[in-house]
Amino acid sequence: MIADRVTHSPAPTEDVVTARLATAGGVLGSLTVSQVAPGRKNRLFLEISGAGTSLAFDQEQPEPP
């Protein structure tokens with residue numbers, strides 16, 4: 001069970017969270033969430049990277065160059 005493997009440590013703020021993910025099929029992933037990122041407006045950035053290609057979306061620059 002995942003809850004048995006999770007550890008917690010004290011954090012004075014909730015500014016950044018990073019999580020590593022793995023599916024039963026062996027797919028690995030990571031997730032980073034930040035409330036405070038200097039120089040950013042209200043950024044939403046998503047990226048999915050695969051062995052043959054990747055896909056990204058950046059709300060601050062929604063149109064490709």
Side-chain angles (χ1 to χ4, degrees):
M1 177 178 261
I2 292 175
D4 296 334
R5 299 183 308 206
V6 174
T7 59
H8 299 277
S9 57
T13 66
E14 298 175 3
D15 292 341
V16 177
V17 173
T18 301
R20 292 181 291 172
L21 312 167
T23 67
V27 176
L28 303 176
S30 63
L31 171 70
T32 303
V33 179
S34 172
Q35 287 181 320
V36 179
R40 298 290 178 199
K41 299 173 190 169
N42 190 14
R43 185 178 195 196
L44 171 62
F45 180 78
L46 304 170
E47 183 173 6
I48 301 170
S49 300
T53 191
S54 63
L55 170 71
F57 172 77
D58 186 349
Q59 183 176 334
E60 286 185 358
Q61 297 179 4
E63 300 296 325

Exercise answer: donor-acceptor pairs, residues 50-57 side-chain atoms, under 3.5 Å, sequence neighbours excluded:
none

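- Environment of CG in L46: crowded, with over 12 heavy atoms of neighbouring residues, nucleotides or ligands closer than 6.0 Å.
- Scored by the salt bridge (Lys or Arg N to Asp or Glu O under 4.0 Å) test, E47 finds no partners at all (sequence neighbours excluded).
- Between atom CG of residue L31 and atom OG1 of residue T18 there is a gap of 8.0 Å, rounded to the nearest 0.5 Å.
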